[in-house]
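Below you'll find the structure, written out as structure tokens, and then a few comments.
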Amino acid sequence: MKFEEPTSDNLFDRAMVIGKATPRIDGPLKVSGQAPYAYERHDVVEDQLVGYPLGATIGRGRITAMDTEAARNAPGVAAVVTTLDIDPLEISSFNNARLFGGNEVRHYHQAIAVVVAETLEQARHAAEMIDVTYEEEEGNFDLEKAWQNGLGTDEADAETGNVDEAFASAEVTLDETYRTPDQSHAMMEPHSSIADWSDGENMTVWTSSQMIAWARKSLAETFDIDEDRIRVESPFVGGGFGAKLFLRSDAVLAALGSRAAQRPVKLTLPRPFIFNNATHRSATIQRIRLAAGQDGRLTAIEHEAAAHEFEGGGNEENPTNLTKLFYAGANRRVKHHDVVLDLPESSSMRAPGEASGLMAFEIAMDEMAEKLGMDPVEFRILNDTQVDPMNPDVPFSDRNFVDCLKVGAERFGWSDRNRKPGDTRDGLWMVGHGMAGAYRGAPTLTSGARVRLERGHLTVETDMTDIGTGSYTILAQTGAEMLGLPLEQVTVKLGDSRFPASSGSGGQFGAASSTAGVYAACVALREEIARRLETDDVRFEDGNVIAGNKAIPLEEISADAEITAEDTMEFGDFQDDLEIGTFAAHFVEVGVHAATAEVRVRRMLAVCDAGRILNPVTARSQVIGGMTMALGAALSEQLAVDKPRGYFVNHDLAGYEVAVHADVPDQEVIFLDTLDPAISPLKAKGVGELGICGVAAAIANATYNATGIRVRDYPITLDKMLDRLPETF
Amino acid sequence: MNEMFRDKIDISLTVNGEPVEGRVPAGQHLVDFLRGALGLTGAHASCEHGVCGACTIKVNGEAVRGCLMLAAQADGADIWTVEGLSDQGTIKDLQDAFVARNALQCGFCTPGMLVAIDELLGKEGVPSRAEIREHLSGNYCRCTGYEAIVDAVETVARARAQKGAA
């Protein structure tokens, strides 16, 4: 099926199941410890051995020798495969850093050996016995230096109007530079796989992946074998946030170990290994210039940024992308420098580009509002746009950003905010209020599904994944809605390469795309049922198919044999002529300790515009989770780079500080009641990445409002404010 | 391999109410004994050094990190994991509240979180939201944020107190 024009009125506008608050259907499995995550799938294949990886301890260079004799002779060891034992594996079309093979070391903790043994303890111990000799080379690990060299060089990526003239003649201007650090996804489940490639022919990988079809294709390319010989399963994923979009070394090492030992091998990447072995969000440096008249209308915007990527690319962290679209303004120039560094591969993490871009841009907007003497909410409302400002012929399909701002201001009590920085006290705490806008695109990807009706029970099969987002539940809701069945009469099976290929989970495209895929398959099933009843006028209600004045139970229709249908939703080119996005306004209150500069977030509010909300329960959770991750980004998360040696120093969950219970205050989310007919038949856009966008800047702005100290270098830690605190407290 | 590591130690303990005997390597973490030798699936290893709480289990009545305790230390211990607590039915109200409030997304942290909450709710009185947050700060969640978890715990604590008073 092809989605070729915006949806008109349809059954989702009179929905019985979609849009209703529905507890996740996979909840009971998860709260009882029975959900099968990759490493604990003890029952999928017998005789599992355990693999343990060894990582390089240099940032760049080559391996001259590896002594594995002791390891190979250690108790319980079944196989040792080193990077010198095999030719360099192909770099798949989804990867940039080679996952294994050859003597070249291109990043710290690059996998250089896997030890396979009867037990984890034996494998781990033997791995430590491998003696590696390196020839270290100088590497380039310094983004700051590259930024200084690159600033102002090269053609703009996009430019409209006359930016220089607009700045020269502007009444009010701003020119500031902002920094966001390298960040880690830090999902709770480490990368884990069980691989069975015992016969060296057919490979089965039980893994933790956001994208089944991509994982399979990557495995085929990496090992140069036919895709038909590979099966990938990932029914439960313990978080991803982009970390599990692409094949990682866990699956590769497990497969190599399995081939060598001729038995299935399970392997999890040790947590301290993940930060440098796998991917992360690149640090960014961003110079933002704004120009406006005294009336507050933006006349020019310039955004120049740099982030780092592994040689060959792959980094999606372009903070200037959103700057082309978010606010009005006739003159605009954006330029992004993708700097090649020898750090581990930077890659997509939740809202790549928008997350870091808004961390900077929405502080700049706050600073500009202050210069103009305007309320930052009013300033944003004044500079709203309903068209792509660089291509005014391209409208937004449905943009209600101004409503987000107005509703948020009202609900938060913005009019009662602290107005003058440093003016409100609560004992030892300086209290401040801040807000920020948020924008995140709403892409769609081709998505397929198969549906089977048997004795009135519907089974949905698609290789879509549920990374915690709620896919199981919203796909069950979609199926139930389409066939007029109660939710209990729908089973959803996900994450298996034997099922039709879906969009997968990522980029905020999963919910919109995969529900449309299930819709397409259900349309095909409805047509098949109609064909059998020799009519084309059917409705599906209360477990019945209604043809004319006759109601026939679906149970009866599918009593003798199962009825199946399969289809794929493709999204038409008309979407290219529109800007389809999601919007939010964030409001935050912080307290900053007058003696220590400790920042405590006291309350948070998000107002979101993302079209139809398929399930308010799971959607709310997505946004609150995003706000929480952004709180970490604002105040504590930072991968520290050892610039001489080229690696992330704080590579564990104690040194990389994510927000915990005690850091997070009461949070509230409001969804505007909007519909976007241009996105899909369900008129629903994703929310999972919107939730992280803009929040950190709202915290930064509230911190400024509390103290009068402007920090432009995330995370906002006490050391950056301590020497500028008030003399007395 | 040094002798200490090579040593295998015989242990006998109770896991989820069942007597268990094992011969474990001295260097084996308790969580790896539970999921490896016993084939359990509830306690998950995440940070592997005691900060995240995903492997939290109950040892002799106390919430303990399964990744910080050695299997060899568990000789004679009475151990409960989320599977056993589920079968026993003692945390059913809490599990139901987690589902109803959507206090989980990916669910990887959930079993450890539930065990830590079970310990909190075993204490006297109804904990405040601040006390709940404080008690659970050693249990990370990266998906859901914490709001719904606090809601679920608060709901159950109040309901239990009411039931107790009635």
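Naming convention: chains lettered A, B, ... in sequence-line order (proteins, then strands); numbering from 1 in each chain. Since the model is a prediction, treat every value here as computed from it, not as a measurement.
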With a 4.5 angstrom heavy-atom cut-off, which part of [X] approaches chain A: side chain, backbone, both or neither?
X	answer
B/Ala130	neither
B/Ala45	backbone
B/Asn139	backbone
B/Ser46	both
B/Leu114	side chain
B/Leu85	neither
B/Thr110	side chain

Find the one option among [options] whose heavy-atom pairs under 4.5 Å with chain A are most numerous.
options	value
B/Gly42, B/Gly107, B/Ala37, B/Ala43	B/Gly107
B/Leu136, B/Val51, B/Val82	B/Leu136
B/Asp87, B/Ile132, B/Leu104	B/Leu104

Any side-chain heavy atom of B/Val99 sitting closer than 4.5 Å to one from A/Val31?
-> yes

Compare all side-chain heavy atoms of B/Val150 with those of A/His661 and state whether any distance is below 4.5 angstrom.
-> yes

Check against side-chain contact (heavy atoms from CB on, under 4.5 Å), B/Glu147 and A/Thr628 | CA-CA 9 Å; B/Glu147 187 76 2; A/Thr628 305; over 6 Å; no

For the interface with chain B, which of [options] has the highest count of heavy-atom pairs at distances below 4.5 Å?
options	value
A/Lys266, A/Gln622, A/Met627	A/Gln622
A/Gly632, A/Gly470, A/Pro270	A/Pro270
A/Gly691, A/Pro665, A/Pro272, A/Ser192	A/Pro665

Say whether B/Asn102 and A/Arg620, considering side chains only, have a donor N or O and an acceptor N or O under 3.5 Å apart.
-> no

If every non-hydrogen atom of [X] is compared with every non-hydrogen atom of [Y], which pair is closest and at what distance?
X	Y	value
B/His49	A/Asp652	CE1-CG, 3.3 Å
B/Cys106	A/Lys30	O-CE, 3.1 Å
A/Gly33	B/Glu83	O-OE2, 4.2 Å

